[in-house]
2 protein chains.
Amino acid sequence: MARTPSGSNAYHHGDLRSALLAAADSLLEDRGVEGFTLRECARRAGVSHAAPAHHFKDVRGLLTAVAAGAFDRLTTSMHDRKALAPGDPLSQLQGAGEGYIAFALGEPQHFYLMFRCSVVNTEDEALSASGRAAFLELERPVAALHAVDDAMADANGNIDAVLLWSLVHGFAHLYLDGRVGRYSELDAATLAERVIGRTLTALGGHLPAKL
Amino acid sequence: MARTPSGSNAYHHGDLRSALLAAADSLLEDRGVEGFTLRECARRAGVSHAAPAHHFKDVRGLLTAVAAGAFDRLTTSMHDRKALAPGDPLSQLQGAGEGYIAFALGEPQHFYLMFRCSVVNTEDEALSASGRAAFLELERPVAALHAVDDAMADANGNIDAVLLWSLVHGFAHLYLDGRVGRYSELDAATLAERVIGRTLTALGGHLPAKL
DNA sequence: GAGCAATCTTTCCGTCGTCAAGATAATTTT
DNA sequence: AAAATTATCTTGACGACGGAAAGATTGCTC
């Protein structure tokens, strides 16, 4: 198993599946989703253009696997930021949001891919599992916040999760498109930190009544 | 000028540019950005596959024009909603946000296209003008809100515009991806209304100090 | 060691975007 | 009004793409 140490075997690469995923990652980073090509991916892996079909049904299958891996890294990014933050729900939410945006800015092409449902097999088991895991990182602190304040939970149900998720998701997309940069001299991370912070303090200061 | 009334002239369609734009609109709606094809577009316009080149440099040029038109309709959608709302800045913002999302849900494929910078010529003059006009519909009420409350303007600068824009943009994308539907039995419009409403009341109730 | 399954290559097909060259219609010039 | 010019559209070609089919090679199983 593992890879054949016999140098360059024309046949039976040994771990072509992993090699293709690595090639796909670098190709995606270089050319973006639109410039992604199955044949170029095979070329980078040093293999014929029909080889990937034996490991992934088609280009969609390959990109689906790439997207699943990216979701896992998104989860990690959010998780890491939360670990550095204080334990209260608001700080945890701030960390999760910043982690979300940090991943998007760090791997823009992967981030695009993950939400391009027409390019990816949304019914894939691994992909949807990784997707759910990622968003749990954001939803758990929201639930914790509501647990602290029952009135808020009753009044707003799961609105807040959707709200914060929309916020960081939209910010990431708009910033990557270069549509918010000119609005501020702040760098992306600082701007994101303030946008999330302002939202959370507003929501947090809005616990009672008022709606 | 205008179109030749002489029925089906093989040559000199008369208004092929408009016909191609119409064909592109319907094709985009049917197949999405990924399924969009210049040849199929020409087919729908009843013209050879090389004809579009005389009116649009390439497929990117055609899609750029389509995107510009879509931005104009986005502007209209926001403008119309604001016209129906009360005149106070918060209500205007609520209307603009709902109009933004209403457009996205009504023309999802066009909405996708507008923000797919790798498929569109972002340096196109008409496109960027239409884009700026659309976002002004959202930014003007924010400025009005800050004019009412100077302290807020000083403290938050243009953060609020980025915040609200990110919110509606992210919500639209996530809802279209089917990622927020299962979180609520509410239909999209109602959910959007509540998300925006909750954000605005939180921000509005957060005028003084607190940061 | 023989058969079998998995893996990879080669070849082929239809479609794509773009280019070049030719044909036709409208416009301008003379 | 006729000729020349320009704009518009078609046809045909090219290379690149994704995918399918068939053949070659290797590793696994019995």
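Predicted model only: the values in this text are computed from it and were never measured. Throughout, a chain's letter reflects where its sequence line sits, starting with A, and its residues are numbered from 1.
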Looking only at C:dG17, D:dG19, D:dC9, the nucleotide nearest the B:Ala51 side chain is D:dC9
Please work out if B:Arg31 contacts a base, only the sugar-phosphate, or nothing of the nucleic acid, heavy-atom cut-off 4.0 Å. nothing
When rounded to whole Å, the CG to C1' distance for the pair B:Leu16 and C:dT24 reads 15 Å
| message | Once you measure the plane-to-plane angle for A:Phe171 and A:Tyr175, does it fall in the parallel (<30°), tilted (30-60°) or perpendicular (>60°) bin? | response | parallel
Whole-Å distance, A:Glu34 CD to D:dG18 P, equals 13 Å
- Message: For a quick check of understanding: with a heavy-atom distance under 4.0 Å over all strands, which category does A:Ser48 fall into, base, sugar-phosphate or nothing?
- Response: base
Per atom distances to the A:His54 side chain, the nearest of C:dT18, C:dT9, D:dG18 is C:dT9
Worksheet item: Within the structure shown, what part of the strands sits under 4.0 Å from B:His49 by heavy-atom distance: base, sugar-phosphate, or nothing?
Response: base
Side-chain atoms of B:Leu38 come closest, of C:dC16, D:dT11, C:dT18, to C:dT18
Rounded to whole Å, the CZ-C1' distance (A:Phe56 to D:dA20) equals 19 Å
Which of D:dA20, C:dG17, D:dG19 is nearest the side chain of A:Ala50? It is D:dA20
Quick check on the 6.0 Å ring-centre criterion: do A:Phe115 and B:Tyr112 meet it? no
